[in-house]
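So you know, we letter chains A, B, ... as the sequences are listed, proteins then strands, and number each from 1.
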Number of protein chains: 2
Amino acid sequence: MELDQRKVVILTTIIKNYLETGEPVGSRTISKYSGLNLSSATIRNEMSDLEEMGYIVQPHTSAGRIPSDKGYRFYVDQLMENHKHEIDDVKTEMFEKVDRLETTLKTLVRNLAENTKYAAVVTGPSIRTNKIKFIQTSLVDARRLLLVVMMQGNIVKTSSVVLDGAEELDFNRVLSINMLLNDVLNGLSVEDITEGRIGQLLARTSYKGTVKTIVDSILNMLDINLGESQIYTSGATNIFKYPELVDSDNASKLISAFETKDELASLVKESQEQADGKKPIQVYIGEESPLQNMSDCSVITANYELGNGLKGTIGVIGPKRMDYEKVLEILSKLQSEMDQAFQ
Amino acid sequence: MELDQRKVVILTTIIKNYLETGEPVGSRTISKYSGLNLSSATIRNEMSDLEEMGYIVQPHTSAGRIPSDKGYRFYVDQLMENHKHEIDDVKTEMFEKVDRLETTLKTLVRNLAENTKYAAVVTGPSIRTNKIKFIQTSLVDARRLLLVVMMQGNIVKTSSVVLDGAEELDFNRVLSINMLLNDVLNGLSVEDITEGRIGQLLARTSYKGTVKTIVDSILNMLDINLGESQIYTSGATNIFKYPELVDSDNASKLISAFETKDELASLVKESQEQADGKKPIQVYIGEESPLQNMSDCSVITANYELGNGLKGTIGVIGPKRMDYEKVLEILSKLQSEMDQAFQ
DNA sequence: GTTAGCACTCAAAATATTGGAGTGCTAACA
DNA sequence: TGTTAGCACTCCAATATTTTGAGTGCTAAC
């Protein structure tokens with residue numbers, strides 16, 4: 001059987017109607033709202049075909065139809081097609097005061113959740129590929145250094161380094177260590193800090209123990225921060241607005257996922273792999289979702305890339321009947337704005 | 001009417017049983033488990049009295065009784081009485097590696113939620129009263145300084161300061177500004193940084209614009225951090241374990257409160273005011289709770305005070321039928337350990 | 001190819017039935 | 001005077017039954 005023009009109109013009408021109401025859609029409704037001027041009986045025939053083709057399903061005999069995952073997929077693909085060129089140049093005030101990336105992302109994720117009424121997640125750029133911009137250590141007391149590392153995007157990480165005290169430090173010595181560290185490590189990412197580099201560092205100082213401890217501390221700090229703290233979330237409670245999620249226990253699973261954040265991390269990873277394959281925006285419908293046991297949810301992710309090569313992900317998680325059109329529009333707008341907001 | 005010994009035993013049995021099962025308790029059950037060797041009929045008479053006195057209520061005629069808020073209150077007060085001296089000297093490994101207070105608190109709150117199976121909240125010491133230990137500014141580029149402030153408890157705050165460029169800075173000038181800042185501001189809390197102090201600072205430098213900007217930035221940074229970021233939470237999803245909270249929509253309210261954190265801030269404030277009046281542990285039952293519209297929840301808070309005068313709050317939020325005994329024990333243990341863990 | 005008409009289906013809502021846990025009261029008992 | 005057995009009564013909760021109505025598929029006519 002073929003999906004002709006009329007079937008497409010009917011399918012689209014069913015889906016749009018279902019997205020709005022959340023109720024199964026019957027033939028009479030379509031007959032009235034499709035604009036096709038067909039009687040409900042004719043629509044019934046077509047719906048019967050659409051069901052056979054797998055685009056819609058009946059929750060039970062004598063109920064209206066709801067879109068199947070395949071139906072949603074068709075609808076979303078169509079949307080993506082039409083919206084490809086629609087990235088408009090409306091500028092929001094969001095990035096007016098870009099100073100520190102972290103602050104920006106926190107605001108971003110909150111706004112996103114508020115605008116969409118779904119749950120939102122945003123990740124900062126992966127620290128592994130982010131480059132060191134500036135290192136500073138300072139003597140807090142005899143045995144302790146405060147280590148401050150600033151990365152691109154003005155992300156600042158701090159850590160305190162406890163020394164064994166074998167090498168006595170004073171202000172000037174710390175100064176020279178700082179100069180050395182900046183000289184060798186600036187512009188490098190964690191991955192670039194190889195054994196060789198470290199050797200090179202140690203060769204140029206007589207405070208080998210101290211410098212070694214500091215470098216270990218830097219690596220350790222950036223490794224730890226690879227994980228959760230880079231994931232910002234908001235609006236998890238929006239999920240309670242959607243009864244179908246509350247009834248199945250998808251809601252509580254989602255809230256859990258938002259609390260522990262591990263699963264979100266794998267979602268982001270999956271999304272970024274897709275993005276590398278040149279798909280900047282992904283839509284995961286129901287079972288397709290990388291989140292475990294959340295067949296009633298859909299996930300939309302967008303990957304952004306800043307001018308300096310830093311990459312991150314923005315995502316929205318909602319019920320399967322989410323407003324794909326709106327979310328896609330918002331995400332693609334954000335995506336392009338992120339690019340522009342940082343040089 | 002008087003609450004004699006027998007009534008107390010019956011009331012306690014009712015409460016304990018209800019805490020375990022969550023089901024209304026009938027006279028036959030008490031007759032079997034109270035250890036009093038009384039028939040259910042006698043118990044019924046006593047229960048009738050207890051109801052009249054307001055310690056227990058019947059959800060409906062011909063159901064067992066459940067404790068009223070007054071009943072819980074009596075039970076908890078009794079517990080507090082008995083446990084006063086029970087702060088034992090068992091040491092957990094929790095504070096083995098105390099380096100930075102923030103890390104410790106994050107671990108603490110997670111453990112607390114896991115052990116109790118309720119929602120947990122922990123605040124770091126109020127920054128307003130916390131004292132500055134160390135200030136460092138460094139030139140990132142021509143127009144931007146990185147400002148790092150370390151407070152007592154090794155809490156580090158950073159911020160970037162954008163200069164207007166009117167005063168040209170170089171490495172040595174920044175150095176002298178650092179020395180001045182540390183000289184004047186170290187040991188002060190935000191509250192201590194008065195107009196007078198600022199004047200004093202400015203009088204001693206020729207880079208008045210820069211120093212003023214930095215000080216403003218410090219004040220601003222610490223003011224912002226007064227709020228949410230000092231509140232750590234965990235285990236909000238534990239709430240889903242308690243059907244009575246899920247059914248009333250107390251669960252979703254709680255999750256919301258844990259997401260936005262404003263309400264938790266006022267909870268902490270309330271608790272600390274109580275603590276100043278010499279009540280180190282508070283129990284809020286049902287309506288008594290400072291949280292809005294959470295009549296089915298109880299809140300237990302403990303205030304800790306570190307050796308250096310820093311104060312914070314630890315709290316557990318759960319259903320009204322939470323295991324008060326266990327939670328009180330854990331909190332009082334933590335409280336005393338916190339004191340010992342920091343010098 | 002389209003449509004009106006009709007019998008049929010089935011979930012959800014409304015209503016009825018039943019079972020059982022629990023109570024209060026009374027009268028008898030120690 | 002306090003305790004207890006016995007009994008009628010209440011009422012929630014679980015289960016069964018009925019009713020309702022939206023929606024379908026099929027058929028025959030246009």
For A/S40, which contact category applies under a 4.0 Å heavy-atom criterion: base, sugar-phosphate, or nothing?
nothing
Provide the closest heavy-atom pair for A/A275 versus A/N303 in the form atom of the first, atom of the second, distance.
CB-ND2, 3.2 Å
I want to confirm an ordering. Mapping B/S62 and B/L38 to their closest nucleotides on DNA chain D, which one lands closer to the 5' end?
B/L38
Rounded to whole Å, please give me the gap between CE in B/M47 and C1' in C/dG22.
9 Å
Rounded to whole Å, the CZ-P distance (B/R44 to C/dG22) equals 10 Å
What is the distance, rounded to the nearest whole Å, between atom CG of A/L36 and atom P of C/dG1?
16 Å
How about NZ on B/K241, more than 12 heavy atoms from neighbouring residues, nucleotides or ligands closer than 6.0 Å, or not?
yes
With nearest nucleotides of DNA chain D determined for B/A41 and A/E51 from heavy-atom distances, which residue corresponds to the more 5′ nucleotide?
B/A41
Counted 5' to 3', the first and last nucleotides of DNA chain D within 4.0 Å (strictly under) of a heavy-atom of chain B are D/dT3 to D/dC12
Please give the nucleotide sitting opposite D/dA28 as a Watson-Crick or G-U wobble pair, both distances under 3.5 Å, or none.
C/dT3
With the threshold set at 4.0 Å, does a side-chain nitrogen-carboxylate oxygen contact exist between B/D69 and B/K320?
yes
Atom-to-atom span, CD1 of B/I56 to C1' of C/dG22 - whole angstrom:
13 Å
Of the options A/E46, A/E52, A/E51, which is the one that meets A/R65 in a salt bridge (Lys or Arg N to Asp or Glu O under 4.0 Å)?
A/E51
Take atom NZ of A/K7 and atom P of C/dG1, then tell me their distance rounded to the nearest Å.
11 Å
Check the surroundings of atom NZ in B/K269: do more than 12 heavy atoms from other residues, nucleotides or ligands lie under 6.0 Å from it?
no
Between B/T61 and A/N45, the residue closer to the 5' end of DNA chain C by nearest nucleotide is A/N45
Less than 4.0 Å between a side-chain N and a carboxylate O, is that true for B/D77 and B/R73?
yes
